[in-house]
Every structure is written in C-alpha cells, then in structure tokens.
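Reviewing the structure listed below.
Throughout, protein chains are lettered first and strands after them, A, B, ... in sequence-line order, and every chain is numbered starting at 1. Values in this document were obtained by computation on a predicted structure and should not be read as measured data.
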Amino acid sequence: MKIVTGKTSIIIGANGCGKSTLLKTIARVLKPQSGCVILDGQDIAKTKTKQVAQKLGLLPQGPVTPEGLTVKELVSQGRYPHQSFLRQWSRADEEAVCQAMQICDVAALADALIDNLSGGQRQRCWIAMVLAQQTDFILLDEPTTFLDLKVQIDLMRLLVKLVNENNRTLVMVLHDLNLAAAFADRLIMLKAGQVLHHGPVDQVFCAENIKQIFDLDVEIMLDPRSQRPLCLPHLHLPTTPHFVQAV
Amino acid sequence: MSRPLNSDQFTLQFFQQRLALRVNKTVIYALALVTLLLFALMLWSLFVGSYQLSIAQVIATLTNPQPGSPSSDVIWLFRFPRTLAAILVGIMMALSGAVLQNITRNSLADPSLVGISQGAALAVVVAIIAFPDLDKSYRSVLAFAGSTSVAALIMLLSHSKHNHKPMRFILLGIALSAFLSAVTTAYLTYGQLYQASAALGWLAGNIDGVNWLDVKILCYSSLCLLPILLIQSRAMAVVRLGDTNAIALGVNLDWMKYSLVATSVALAATATSVVGPIGFIGLIAPHAARRVCTSGVMGHLLLSALIGGLLLLVADVLGRRLIAPSQLPAGVLTQIIGVPIFVYLLLRKKTLPSS
C-alpha cells in the first residue's frame, strides 16, 4: 500500500477491523508482525525515532490531557522533536507554536487551562499540537469522535484546507462514511486486517464495496450541492404512509 | 538576551540560539524562596539541641572551627552532618517520588508506598535478627540490595510485552509492600527483644547518628543521579501526554522508562540505606511543588527536591525539640506531619479547576 503525498487519505472499515492498528503501525507505535513501513525510502523501524517525529505526526484516539496544562503549553510539546537539551526554546519554536494555534483558531485561548475547555476546543488544541510538530505527514485517529456535527464539519474543513494550502499529507481513521466520502481524496477500505480497496473516492466508494466491507446494503447518491457521493443504508422498515404524506 | 514571552515566562537565547531556554518566573521565585528558607532552617537546625549554644557561638564555630572544643564537636561532628543528611535524604526521596509519579502518571506513586522502602526494611531486619554480629556498616549495602531487588521484581511482574501498564506497577508495588511489611513484622516477633528494638529504631527512620561518610555517600549519589533526571526532564514532559503521543513525538519510550525507574529506585534505595525508611516525603513534596509549577517538568523536579529537603529538615528539627530531651525519629514525624498536609492538598485541589 502506498500513501499518496499531498492528499487526504481516509481509512474506513467495520469496528475491530484494524483501522487504528494500521494507523499506529504506520506511526511506529506498534511493530508490524511482518512487512515494514518505508518513509522517504528508509525503514521506519531502523530510523531514529526523533528523526521520524520530524516528518510524521500522530494524534491518537481520545488523548488525555494532564491536569494544569495551558493551551500554549500543550501546543509547545509538539516542538519536542525539534529541540535539544540546550536548545529548548528557539524563535522557530515560538513561531511554529503561534502559527499552529492560529490555524486551529485557539490563539485567543493560549493561556487558558485545557481542563476548562469544551470537547471541540480541546480537540483543536491537540490538532494544533500535532501541527506545531511541522511534519509532512499527519496521522489522525478519529479526530471527530464525540463532537457535534457542526464542530465535526468545521474540523474537517480545517484539515482539508491544511492539506491543500500547505501541501501536507493527511491520513486519518473515520467512522462516519459520509464524512469520509465528503472530505477524502482517497479511501482505504479495510476488512479483517486486510486492505480490500484503496483508491480515489469516486472509484472505490460504491455500493458493492460497502456491502463487502460492512455487510450493509446502501444506496449511493450524489449530494446536489457538493457533487460528493453519499451513502444511504437500506433500513428495511415498512413505509409509514402518514410520514410520506407529511413530506 | 531575554525578551518577554508572556506575563510569567521569558526566554533566554545565547550564541545565535544554540543555547535557548524558556524559564517560568513563578518557578524561579519559588525556588529562590525555598532555598532561602532552607538556609534559615539549616542555621536553626545547627542551633537546636540538648547542648545549649547561642546563635553567635554557632556562627563563630562555623566561621572559625576549633577542633576539640565542645561547641565545635557538637556542630561539626553531630549537628552539621545530621542537618545535611536530612536535607539530602529529603531531596532524594522527593525526586524519587516525583519521577515515579511522572512516568506512571499516577499521583500515588511513592517509593515508600510501592515497596522500595519495605524491601530495604526487610533486608535490614533480617540481618539484625539473623546475624546480630554483623557490622552496622553492612546495613546500607543490605538496604540497597533489598530495595533494588524489590523494584526489579515489580518491574519484572508488571512488564508486559505489548504495552506499558503504569497502574499495574503501582498495584503490584502496594501488594508487595504489604506482603513485605507483614514478613518484617513476623520476623520482628521471632527475634530477641533487644534485637527487635534495634531493628525498630532503624525502621522508624532515624537521622540521628549519621556521620560525614554517610553525608558523602548521599551527596555523591545525588550528584550522579540528578543530571540523568534533568536531561530526561523534557522527555518526561512529553510522556505526561500519554505513551502513544510520546512515541509519536520521538521519545525512545522503553529506554527512557527503564532508565528513569532505575534512577528513581537508586535514589530511594541510597537514601533508605543510610537513614532507614522515610515515608511520605516522596508523595507530598511533588504534590506541593505541582501547586506552584503546574506544567514544566524540570522546574517541578528542582522545586520538589528543595521542598523535600526542607520538609525532612523540619521533621528532624521538630523531632529533636518536641519531646526534648528525648528525640522523635524523623521518619515517624514525616508521617505525622505528612498525612495532614497531604489531605489538605487533596481537598484544596478540588476547588482549583473552577477558579
């Protein structure tokens, strides 16, 4: 499998099919049982972990913030791979942190305690932390979980904008198929630990593939506004006449 | 060159940013304050005791020691090493606790709770009762061996191949420490009365009777171990965000955890081997320091260390004064003072997030 650079790839699949495992393996958090991850022509397991961290950032699922940390302090931790014992806080660090906070719209909260923020704000802070790492590859594990629909959409737009404007490569795991189809350039479809389909959204997001991956009958439609594909599951419910009348 | 960053932080940059540090002002003030307090208390500690000395005599003896004179002997042979030992042991226990709390991400981790002190205790008690003729100087070696083997056992049992389980480390430690305490108590009842009372004196954590050699041991080992902690402190800050984040940010997690646990155990083991088990300093000092230094790790470590030194010195001085001319062991007093302080800190913490 190849991750296409400068694009947004979204990993989808049923619960427990290995989406997070795949993402963590790419990010060298887990060691592969067989095979290897190649980053810029080098085996990731044989590269110094700090060097990898300068190229590849990961936001795990549901990160826990330690007590008493401010937004800026959290975002500053993203600079770790660029610092050393003597060089703990350079001008480049300061700039990267401020820029990341601005992109994620948390600059106004810089001195606020993370404990006091809402789920959406908190998630934006974590994304700012990964952005401050200034890596070409950004891996995110379900960044939209537990967020309101509006916040989910805002967050996805922010991420896609980042890919387009700064030429970063995004790989993420998402649960919501429609959100994935709407924002991805490419989809990676997993079933039982195997990548079954991998390609541009319009080629792989079809009813047969979704039936194969999720064992779910769906109808694929086009969003009239964005022309992005949407899937509607077959509900197998008896039609209720009064509801039809109301519509 | 320095420039303001925000209200309570400033950066130092030298040599075209080859040396660039960020410093928290509040932490610097707190460090300065605790250092001053520590010096004041040191002087008081030299002044307090059954042999009456005036402050002027203490200062005269310090600036112009006259070996052989009673005041000089009292200060240079007894009170000075005792004062330094109290501070150093406090520093070491506090650092050990701070590091354990940091890497296990559990604020209950403390060398005296997870069996490290109990390992030392069992080794020494067995030696005192089974081999009464053994020279006292072997106690340090035995205590050290006891602590390190218990720590190794906990590490071995809590190690799992796929992920690090900090909670397992703590729970196994607590279980093992209860077991070791029970065995120690059983052994005490088995021994002769005079042996048992000698062992009990050591178990209470007594700084009385340390000599300059002990101070040297404490001093050199802290000087060797502290740099390891300071160099790793940036990585420790990242590990607070969780193991996955730490790996993603480029921390060599396995190496870091093992080296830090080893350092932490070495600190606690050395301190315990010299003065016996001292409880609660490793728990309270990092908690107290965390109230001032909410985020950074290096500042927190330094502050914890100084607060630990201060607390144990207070405990030792109070132990000398409270029921004079008898003395209370410092280890007993740290528990008596420590528990109320700990409860107070915990109760105050609840009100913090809303403020």
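If you measure heavy-atom distances from A/Val29 to chain B, the contacts under 4.5 Å come from both the backbone and the side chain. There is no contact between A/Leu139 and chain B, counting heavy-atom distances below 4.5 Å. Within the 4.5 angstrom heavy-atom criterion, only side-chain atoms of A/Gln133, from C-beta onward, approach chain B. Only the side chain of A/Ser76 comes within contact range of chain B, with heavy atoms under 4.5 Å apart. If you measure heavy-atom distances from B/Ala235 to chain A, the contacts under 4.5 Å come from both the backbone and the side chain.
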- Evaluate side-chain contact (heavy atoms from CB on, under 4.5 Å) for A/Thr49 paired with B/Trp255, printing each intermediate quantity in order. CA-CA 12 Å; A/Thr49 178; B/Trp255 191 83; over 6 Å; no
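B/Leu249 contributes atom CG, which lies 9.0 Å from atom CG of A/Leu58 (distance to the nearest 0.5 angstrom). Taken to the nearest 0.5 Å, the CZ atom of B/Arg240 stands 10.5 Å off from the OG1 atom of A/Thr65. Distance check, rounded to the nearest 0.5 Å: CG of B/Leu241 to CG of A/Leu74 gives 6.0 Å.
Across B/Ala248 and A/Ala53, no two heavy atoms sit closer than the pair O-CB, 3.5 Å.
At distances below 3.5 Å, at least one donor-acceptor pair connects side-chain atoms of A/Arg28 with backbone N or O atoms of B/Ile247. A/Gln83 places no side-chain N or O within 3.5 Å of a backbone atom of B/Arg234 that could act as its donor or acceptor partner.
When B/Val238, B/Asn245, B/Asn252 are compared by the number of non-hydrogen pairs under 4.5 Å with chain A, B/Asn245 comes out ahead.
Atom NZ of A/Lys50 has more than 12 neighbouring heavy atoms from other residues, nucleotides or ligands inside a 6.0 Å radius.
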